[in-house]
Amino acid sequence: MQTNWIGKSSGAEISFGVKAMNYGNESSQLKAQGPQLTVYTTRPDTIFGVDFMVIAPEHELVETITTAEQKQAVEDYIAYVKSRSERERIAEKKISGVFTGAYALNPFDGREIPIWISEYVLAGYGTGAIMAVPCGDERDHKFARHFNIPVTNIIGGYYNGEEANPTKDAILENSGFINGMVMKDAIDVVINKLEEKGIGVRKVNYKMRDAAFSRQRYWGEPFPIVWKDGIAYPMDESQLPLELPHVDSYKPGPEGEGPLANIKEWALIPNSSPPAEKGAAKVPKYSVYAPVQYELAKQMRKEYTAAEGKLWEVVRDSKLGYKFRRQHPVDRYIADFICLQEALIVEVDGGYHSTDEQKLYDEERTKVLNTIGFEVMRVTNEEVINHPLKTGRKIKERIEQKRAESSQFTPLHEVEKGQGVRETNTMPGYAGSSWYFLRYMDPHNDSEFCSRKASDYWNQVDLYIGGTEHAVGHLLYSRMWTKVLYDLGHIGFDEPFKQLVNQGMIQGSSRFVFRIHGTNLFVSASLISDNGTYDGKQLDKLHADVNMVDGFELDTETFKKWRNEEYADAEFILEDGKYICGSEVEKMSKSKFNTVNPDDLVAKYGADTFRMYEMFLGPVELSKPWDTKGIEGVHRFIRKFWRLFADELKGLVVMEEEPTAAELKVLHNAIRRIENDTERFSFNTAVSNFMIATNELTDLKCHKRKVLEPLLVLIVPYAPHIAAELWSLLGHTTSVIDQPYPVFEEKYVKETSKAYPIAINGKTRTEITIALEATQQQVEELVLADDTVKKWLEGKAPKKIIYVKNKMINVVI
RNA sequence: CCGGAUGUGGUGAAAUUGGUAGACACGUCAGACUUAGGAUCUGAUGCCGUAAGGUAUGGGGGUUCGAGUCCCUCCAUCCGGACCA
């Protein structure tokens with residue numbers, strides 16, 4: 001599960017010479033001898049199958065190697081790539097590319113290989129260039145077909161001419177010195193040869209995910225960092241720990257920082273050091289982005305559109321009175337223009353923002369940027385080009401309006417000069433969760449995180465139960481820190497957890513309302529036609545809060561008052577006087593308004609019922625939508641269990657008599673099954689075994705202490721509150737938690753006979769009770785004497801009688 | 001597209017090694033006790049059929065005396081990942 005995240009791949013980096021020729025770029029000094037093009041590949045064994053090379057549009061060699069004839073085509077292509085948003089590039093599978101006019105040389109046979117540019121190669125991964133082997137790689141193959149590049153087959157019959165085959169088992173053909181070798185084995189041979197010739201090196205590549213160790217949120221450990229003059233200083237150890245202060249509001253700070261920025265007393269540190277440049281301390285706060293993005297932004301800064309160029313002239317050098325940057329990475333996006341001090345982003349809409357999909361993307365982008373505190377303003381290409389100065393004034397007006405609105409806050413950058421400013425971002429969830437289990441072993445230690453003595457005693461965590469997201473995020477980092485601490489000798493184990501169980505998610509059951517697009521009219525679900533329209537009109541599908549829906553029926557009055565009366569003017573098209581909602585099972589999430597508050601259920605049924613009901617829903621590792629339908633059953637069980645001990649009127653009814661064989665059998669069956677279920681995390685069947693035992697004891701009218709006390713100990717992990725309560729009701733003064741676990745004894749559940757199912761040709765027809773120690777012959781006699789069996793035999797003799805002791809009997813006719 | 005998981009009644013589900021499919025609950029129906037019942041208790045309840053019986057674990061095929069379980073294949077849903085060279 002974690003391999004995708006660590007993204008380790010091993011292969012080789014290979015340098016290809018580029019054929020010397022007359023390049024379009026006259027200033028190139030590489031006319032005599034071509035430059036080197038370095039690629040990364042996991043499959044060096046396919047080197048003789050390289051039919052073309054592809055470099056990323058942002059690749060540094062693009063300008064250098066493009067020939068004069070291809071110059072225009074390449075420029076057009078790069079302009080096209082630039083015009084596409086990051087997301088389009090990732091989402092669309094469109095094949096596009098352009099030939100540079102240059103050729104690389106195969107280091108082994110000198111074959112000339114055309115070099116292409118295509119957006120399917122990413123600047124940020126590997127070297128930003130690949131060697132394309134169409135017969136072995138599907139993307140390369142599609143590219144080759146699209147541009148009619150001849151395909152060299154190096155894998156013989158494994159390649160059918162239609163589809164690439166990424167096999168490693170083929171025997172190589174058309175492959176020079178590795179002809180006849182199996183591909184797997186050739187990988188090493190080629191790498192060795194490359195290294196020998198000095199044109200390549202063995203290399204392991206990693207991709208990093210979630211590398212940014214910072215969040216603009218409240219909940220997280222604060223960084224012990226103080227910014228001064230734009231430089232981060234770690235706090236002195238004597239001032240640690242830095243504690244998360246109380247906040248009244250979790251809203252973003254005045255400039256879109258984390259909520260901590262709202263607490264001036266905490267964030268600002270009086271200081272007499274030299275005055276910081278205005279705003280300097282804030283700049284790095286927005287620098288939470290991947291290096292790839294930084295590179296991309298740099299590139300984009302060089303290749304701006306006409307409108308962007310004009311607007312830059314208007315806003316650059318604080319001409320508007322505010323400092324603007326252009327093509328600046330923010331979160332996962334790159335903003336066209338940004339004024340960090342005022343948290344305003346100005347986007348220039350090119351002509352390509354016209355389709356619905358692009359609009360959706362823009363909306364989402366705006367939403368994300370808003371969430372982290374930026375206001376997004378859009379201007380069109382036309383207005384910038386026709387009225388650049390007017391656009392500038394418009395931007396300035398917007399800023400001033402924004403300042404007026406937020407004047408109740410003192411923006412951090414306006415504080416007295418010379419003050420330090422705390423980092424207001426906090427650490428991500430996995431920061432603390434990566435090692436807290438170690439701290440738990442020694443929580444009061446104030447000289448180190450955990451003494452070696454304590455960690456040696458407690459050792460690894462026996463069992464880790466978590467969801468699948470945790471398995472990648474949290475587990476990955478706890479494993480890393482554990483390994484680091486082990487290498488440093490602070491702990492004696494290098495894996496944090498002995499066993500992992502992935503529990504499923506409790507999903508939400510969302511409810512939807514359907515609004516006719518552009519109106520306040522809401523249509524009840526079953527009136528909507530199959531193609532998702534009503535009366536031919538488009539509908540907006542909106543989440544409605546599940547708490548104002550009874551089953552599927554919407555409480556329309558509550559709905560009108562919902563979200564500060566956002567839908568106060570709503571009108572409804574009902575069916576049978578009701579508004580029926582649509583429903584879907586989704587992840588439970590506040591944004592989907594499908595969360596339910598367990599407090600209400602706990603108040604109604606108690607925590608034990610709630611706990612057991614969650615267990616009873618099904619296997620832990622499965623996800624299922626939250627549904628309270630069955631909770632009554634569990635609650636009834638708990639009351640029934642209670643009645644074994646006490647009567648509403650008579651109080652305690654426990655008797656001291658010796659239990660009967662039947663009662664002991666119930667108890668010991670329960671011990672065996674529940675112990676077994678608990679050990680294999682089959683909590684749902686354990687709960688049902690408690691129910692079975694309780695039902696059986698109720699039927700036996702058993703209220704005997706010697707049966708009930710062990711049962712109480714069994715139930716402690718499942719219903720701890722009532723277990724403790726009943727334990728004390730039984731007159732004990734010690735805790736039930738300290739009781740030894742009941743021991744199963746075979747002798748109480750031993751049977752002497754069994755009611756065997758009798759099957760004729762595999763189909764069960766009747767049942768005969770036979771002693772367990774019966775022999776094959778005795779069984780056959782008994783079975784053949786049975787009326788039902790005789791009826792099915794119709795006087796014939798059976799071919800065979802299969803007798804499996806303690807299981808079943810099958811008569812084959 | 002890749003990887004992982006899951007498909008069983010009206011519903012949540014059970015079925016240690018291939019051996020009585022649907023335990024335990026919810027729901028529904030009938031009944032008891034009740035002024036009442038959203039309390040408690042009893043019984044019934046996969047589907048078709050009066051019954052005998054037939055049929056049934058996503059679809060199709062196979063192995064076996066016997067398959068929810070093992071094998072092949074197709075389909076659906078969910079989760080995770082994804083231009084990763």
Side-chain angles (χ1 to χ4, degrees), chain A residues 1-5 7-9 11 39-43 46 53-54 56 89-95 118-122 124-133 136-140 142-143 166 205-207 209 467-469 471-472 502 504-505 507 585-587 612-613 616-619 621-625 627-637 639-640 643 648 673 676-677 679-680 682 684-695 698 754-767 791 798-813:
Chain A
M1 203 180 289
Q2 295 179 352
T3 46
N4 277 336
W5 274 59
K8 179 177 176 177
S9 63
V39 301
Y40 176 74
T41 178
T42 55
R43 296 296 302 276
T46 61
M53 312 284 282
V54 187
R89 286 187 61 181
I90 290 163
E92 270 179 48
K93 293 276 182 247
K94 224 165 104 189
I95 299 165
S118 173
E119 56 178 339
Y120 85 87
V121 171
L122 298 178
Y125 187 81
T127 59
I130 62 159
M131 54 179 232
V133 184
D137 182 285
E138 195 47 47
R139 276 190 329 253
D140 296 347
K142 284 194 177 133
F143 193 88
N205 233 12
Y206 296 93
K207 70 177 167 185
R209 274 193 50 101
T468 46
E469 315 94 289
V472 272
N502 278 138
M505 260 187 300
Q507 294 157 316
V585 171
E586 297 180 297
K587 209 176 212 173
M612 273 189 120
Y613 177 57
F616 189 59
L617 278 175
E621 61 274 10
L622 288 187
S623 291
K624 48 190 76 74
D627 182 1
T628 51
K629 261 195 316 216
I631 200 165
E632 284 288 343
V634 176
H635 192 58
R636 277 204 273 269
F637 153 74
R639 284 190 305 221
K640 198 166 180 180
R643 285 199 298 270
E648 269 176 63
R673 291 182 186 144
N676 189 11
D677 287 342
E679 262 167 21
R680 53 193 187 100
S682 179
N684 54 328
T685 53
V687 172
S688 91
N689 276 317
F690 276 116
M691 291 173 170
I692 292 169
T694 304
N695 290 346
T698 305
K754 173 169 174 70
Y756 282 94
I758 312 298
I760 315 284
N761 284 340
K763 277 213 182 306
T764 309
R765 298 296 176 183
T766 185
E767 212 174 73
K791 194 186 100 191
K799 277 196 198 132
K800 207 195 268 178
I801 295 179
I802 290 156
Y803 164 51
V804 185
K805 196 177 165 185
N806 211 9
K807 293 279 185 198
M808 50 79 67
I809 293 158
N810 190 14
V811 182
V812 186
I813 301 173

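Numbered from 1 within each chain, the chains take letters A, B, ... in sequence-line order. Scope of the values below: all heavy atoms of this structure, side chains included, with no hydrogens, waters or symmetry mates.
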Looking across every strand, which nucleic acid part, if any, lies under 4.0 Å from A:K805 by heavy atom: base, sugar-phosphate, or nothing?
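No contact at all - A:K805 keeps every heavy atom at 4.0 Å or more from the nucleic acid.
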
When we call it a touch if two heavy atoms are under 4.0 Å apart, what does A:E621 touch: a base, just sugar-phosphate, or nothing?
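No contact.
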
Looking only at atom [atom1], what distance separates [N] and [M], rounded to whole Å?
| N | M | atom1 | result |
| --- | --- | --- | --- |
| B:C71 | B:C79 | P | 26 Å |
| B:G10 | B:G61 | P | 23 Å |
| B:G46 | B:G68 | C1' | 15 Å |
| B:A14 | B:G22 | C1' | 7 Å |

Heavy-atom side-chain contact between A:K800 and A:V811 under 4.5 Å:
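Counting from C-beta outward, A:K800 and A:V811 never come under 4.5 Å.
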
Take A:N676 and A:T41, find for each the nucleotide of RNA chain B with the closest heavy atom, and name the residue whose nucleotide sits nearer the 5' end.
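Here A:N676 is the residue nearer the 5' end.
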
5'-most contact on RNA chain B: A:L617 or A:D677, nearest heavy atom basis?
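Its nearest nucleotide lies further toward 5', so the answer is A:L617.
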
Base paired to B:A67 (Watson-Crick or G-U; both N/O distances under 3.5 angstrom)
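Paired with no nucleotide.
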
What does B:G43 pair with, Watson-Crick or G-U, if both distances are under 3.5 Å?
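Here B:G43 is engaged in a pair, and the nucleotide opposite it is B:C29.
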
With sequence neighbours left out, what residues match A:R673 under salt bridge (Lys or Arg N to Asp or Glu O under 4.0 Å)?
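In terms of salt bridge (Lys or Arg N to Asp or Glu O under 4.0 Å), with neighbours along the sequence ignored, A:R673 is linked to no residue.
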
Are side-chain N/O atoms of A:T685 and A:S688 paired as donor and acceptor at under 3.5 Å?
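Note: A:T685 and A:S688 side chains miss the donor-acceptor criterion.
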
Looking at the side chain of A:R765, which of B:G54, B:U20, B:A85 is the nearest nucleotide?
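Of the candidates, B:G54 comes closest.
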
Out of B:A85, B:G53, B:A21, which has the shortest distance to the side chain of A:K791?
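When the side chain of A:K791 is considered, B:G53 is the closest of B:A85, B:G53, B:A21.
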
I'd like a table of atom pairs between the protein and nucleotides 62-66 of chain B - only N or O on both sides, under 3.5 Å - with the distance next to each one.
{"residue": "B:C65", "atom": "O2'", "partner": "A:N810", "partner atom": "ND2", "Å": "3.4"}
{"residue": "B:C65", "atom": "O2", "partner": "A:N810", "partner atom": "ND2", "Å": "2.7"}

Euclidean distance, atom [atom1] of residue [X] to atom [atom2] of [N] [Å, nearest integer]:
| X | N | atom1 | atom2 | value |
| --- | --- | --- | --- | --- |
| A:K754 | B:U20 | NZ | C1' | 8 Å |
| A:M612 | B:G12 | CE | C1' | 16 Å |
| A:K142 | B:A85 | NZ | C1' | 15 Å |

Give a yes or no on whether A:K142 atom NZ has more than 12 heavy-atom contacts from other residues, nucleotides or ligands under 6.0 Å away.
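No.
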
Give the minimum heavy-atom separation between A:K640 and A:N695, together with the two atoms involved.
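Closest approach of A:K640 to A:N695: NZ-OD1, 2.9 Å.
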
Which label fits A:F637 and A:F690: parallel for a plane angle under 30°, tilted from 30 to 60°, or perpendicular past 60°?
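It falls in the tilted class, 30° to 60°.
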
Annotated protein contacts, base or backbone, on nucleotides 23-30 of chain B with a non-hydrogen cut-off under 4.0 Å, one of B, S, - each
BBSSS---

